[in-house]
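What you see is a predicted model; the values in this text were computed from it and never measured. Letters go in sequence order (proteins before strands), and every chain restarts at 1.
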Amino acid sequence: MDVFKRSLVLFIQKIVKEKNNAAVSEKEAAKLIKNPPDNSFGDYSIASYYFGKYGFKGIPGDIAEEIFRIALLSFEKTKDAAVFDKIEMKDAYVNFFVNKKKFAYITIENVLSAGADYGREHQEKPLKVVIDFSSPNIAKPFGVGHLRSTVIGMSLSNIYEFCGHNVVKVNYLGDFGTQFGKLITAFCRYDVDFSEFNKDPINVLYGLYVRIHKDEQIDETLEKEAKRRFKTLENYMSRNRRSIEEYLCVPGNAKNNVDNGWEGIEISEKNKGGFCETESGQYNLWKLFRGLSIDEFKRIYKSIGIEFDVYEGEAQSAEFASETTEILLKSGIASISEGAVIIRVKGVKTPALIAKSDGTSLYLSRDIVTAVTRMAKYSYDKMIYVVGSEQSLHFSQLSGIFRILKDNADKISENPVFKRYASLIDGKIVHVKFGRIIGMSTRKGNLVFLNDYIEEASLKAKEKLEDDFAEASGNAGINPGETESVALKIGIGAVMFNDLKTRRTTDVSFNWDNVLSFEGQTGPYLQYTISRINSLMLRLSPDTVKKERDFISLNTYKPADFDGVFNVSEKDADFNDIFLIIKQISYFKDAVDEALNQNEPSVLSSYALELSALFNKYYQNYRLLGKEHDYIKPRLYVIYAIKIVLMQVLRLLCIPVIERM
RNA sequence: GCGCCCAUAGCUCAGCUGGAUAGAGCGUCAGACUACGAAUCUGCAGGCCGGGGGUUCGAAUCCCUCUGGGCGCACCA
């Protein structure tokens, strides 16, 4: 909190104390201070409406007048430290106008002195936050729906870390379930083109998956076979498992216990039959499909700058699913209904199904296990699932089950280790849901794969770059040799920002023209703004850019630098526009906090667009080149501060920064 | 049928823990490059905030209801 807001907080605390003899917390007082919608209403304001509950009597206008009179006296007394130039009353508001010069100096100093760390927070007691995101299904291409989870999850991870918390980024792969029975069935029943399989395994697997889905509509033996093969797989995998108690007791058991390796597995036309007939053969098929998919995912993640701390999979939780079901049945928390095992959750009508009547596990039962084993591994304070809103029911069941486990912990007496971790989870699961992407299709009408998506955007960026070469516009641009890499960054920026610019919960209607637009409220607009700042700084002051370290050392930075900005009063003076920029810079930390509190990266997207727009307007309307040093200097500080803040936001939003484009 | 989410300018969206005059971008139209990068900027037009009711000094924001749309609702994930 800056000195200006702090002095208002103290003021509010003082007047409430005098009026009501009651203490108001700093946080509560800060909430009473608003940023007015328009500059003409000042820089901070206090609305009298809120003061009724603090013992102020009368209509809002009267209360405002009372507060106004006290404020005048109160801030008159501290005039040497004058933080406010003017205090006004308008309707029911008391408006405070900051001393612009002081505000500018302090705000910019905060940014420049912290540099690349500006806004980073330190927590005395950081939270341990597990963020589960992306979580694609194996053997299906990485689609755009997964991209939304990936981008939001990665951005939230960045934001939590930036705010000083400890984050574990988990990719929970959909590597289990009846779908694998189907995939193995398809692989065994249909002819497989092995030369194609060796070249592009994911595509071949996807083809098999699509084909069996279609065929099982007319041939019901396929589904039976798939279920049988899945049961075989699950039985094989759980035969030599450890007990969950043993697993949870191993200290630091954070290691992924499912082996990703698949190198030893050689498959061809000739030996395919052997894989299909034996238990171990089918297990190896599963391992192969899984391993190939993970390699593909990792390649994609790397290309768009995403990384995880841990890869987990449903399979490793499936290991403990039947035992967990047993525990819940014995303790009377779960019951049997129509042959399946269910738990009734308060407030949720649909019973939570944790085991099928054939005894195999379900998504929900595996998620119960996962939440418990993660508690043992990480002792999380919060576990965030970044998953589409269509799974709301699933997560309300999951949360509800852990409420039951906490309230009925005494009933889980036969397994104290499970009990210990399971009863800690209530209230810590957060479903960060997001809306669907509507109307998503290729121009041909099929599912869009992420690869195509970024490729289309990059291609368009490349065309644009080449047009710019042809026009020879702007000699601060890039070298022709950099075209490919810059175009890729622009493409990524466009695609990522498209998923982060709207509020999570709104369904976004997909449209190629929007994604492939690089103008207006887009990622490339933000990237362009930074490039432009770089170019401007280079022209204005080549030395300071070469020696950025000296520039931000603030050796020569002083309040008087802003005299020339705010002491003039010509009609066309730029000080109002500069001041707007500085105010926007000062809101950065508020934006980060809000993004964190709401788990909503789009707060930062809006912030960045606003800051960029202010800069671009300023840039267009006031020319700096050719002005004298004293004129340029304070403005250069401000511009450099914009760059620092903007780069920080882009990093938080997973958008590549481009030095020149 | 039950539950959850959504409805703001032609289009895509902000604004929603109630507060000052509902804002951007795109698109349309009219402008600005022999001057710091035109992926930019300036300006015009465009709104009973889906309809109705309620709470309140005050409602796009909270509650109820209707309409229209999306999603989910036990052996898929």
Of all residues at least two apart in sequence or in a different chain, which pass the ring pair (Phe, Tyr, Trp, His ring centres under 6.0 Å) check with [X]?
X: A/Y363; answer: A/H394
X: A/F96; answer: A/F75, A/F84
X: A/Y525; answer: none
X: A/Y49; answer: A/Y93

Can you tell me whether the side chain of A/S602 and the base of B/rA14 have a donor-acceptor pair closer than 3.5 Å?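 There is none.
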
Taking only the side-chain heavy atoms of A/K464 (C-beta and beyond), determine which of B/rA39, B/rA74, B/rG70 contains the nearest atom.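 Comparing B/rA39, B/rA74, B/rG70 against the side chain of A/K464, the answer is B/rA39.
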
Between B/rC73, B/rC71, B/rC36, which nucleotide gets closest to the side-chain atoms of A/E390?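 Shortest atom-to-atom distance from the side chain points to B/rC71.
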
Are A/Y49 and the base of B/rG58 stacked, counting only ring centres nearer than 5.5 Å and planes tilted under 30°?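 Stack criterion not met.
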
Determine whether the aromatic ring of A/Y528 stacks with the base of B/rG37, defined as ring centroids separated by less than 5.5 Å and ring planes inclined by less than 30°.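 By the stated criterion, A/Y528 and B/rG37 do not stack.
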
Provide the full list of salt bridge (charged side-chain N to carboxylate O under 4.0 Å, His left out) pairs with a residue in residues 25-48 of chain A, sequence neighbours left out, each pair given once.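 As it turns out, the salt bridge (charged side-chain N to carboxylate O under 4.0 Å, His left out) pairs with a partner in residues 25-48 of chain A, which skip direct neighbours, are A/R6-A/E26, A/D43-A/K583.
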
Using the salt bridge (charged side-chain N to carboxylate O under 4.0 Å, His left out) rule, collect all pairs that involve residues 597-624 of chain A, keeping only residues at least two apart or in two chains.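 Residue pairs with at least one partner in residues 597-624 of chain A: A/R503-A/E600.
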
Nearest-nucleotide 5' precedence on RNA chain B, A/L362 against A/Q598: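 First, find each residue's nearest nucleotide; the 5'-ward one identifies A/Q598.
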
Mind listing the N/O atom pairs, protein and nucleotides 3-12 of chain B, below 3.5 Å?
from, atom 1, to, atom 2, distance (Å)
B/rU12, O3', A/S509, OG, 3.3

A/D219 side chain to A/D215 main-chain N or O, any donor-acceptor pair under 3.5 Å?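 Between the backbone of A/D215 and the side chain of A/D219 there is no qualifying donor-acceptor contact (under 3.5 Å).
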
Take atom CZ of A/R504 and atom P of B/rA14, then tell me their distance rounded to the nearest Å.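 So the two atoms are 12 Å apart, to the nearest Å.
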
Below the 4.0 Å mark, does [N] have OP1 or OP2 next to a side-chain nitrogen or oxygen of [X]?
X: A/Y525; N: B/rC41; answer: yes
X: A/K227; N: B/rC76; answer: yes
X: A/R366; N: B/rA77; answer: yes
X: A/R635; N: B/rC36; answer: no
X: A/K617; N: B/rU42; answer: yes

Among all residues two or more places apart in sequence or in another chain, which pass the salt bridge (charged side-chain N to carboxylate O under 4.0 Å, His left out) test with A/D367?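 Testing A/D367 for salt bridge (charged side-chain N to carboxylate O under 4.0 Å, His left out), a comparison that skips the adjacent residues, returns none.
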
Residues two or more places apart in sequence or in another chain: which of them pass salt bridge (charged side-chain N to carboxylate O under 4.0 Å, His left out) with A/E484?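 For A/E484, the residues satisfying salt bridge (charged side-chain N to carboxylate O under 4.0 Å, His left out) (neighbours in sequence not counted) are A/K462.
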
Intra- and inter-strand pairing of RNA chain B, written as dot-bracket with Watson-Crick and G-U pairs under 3.5 Å and | for the latter, reads (((((.(..((((.....[...))))..((((.......))))......(((((..]....)))))).)))))....

Heavy-atom contacts under 4.0 Å between residues 50-59 of chain A and RNA chain B, which residues?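 Correct list: A/Y50.
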
Name each donor-acceptor pair under 3.5 Å that joins a side chain in residues 336-354 of chain A to protein atoms two or more places apart or in another chain, with its distance.
none

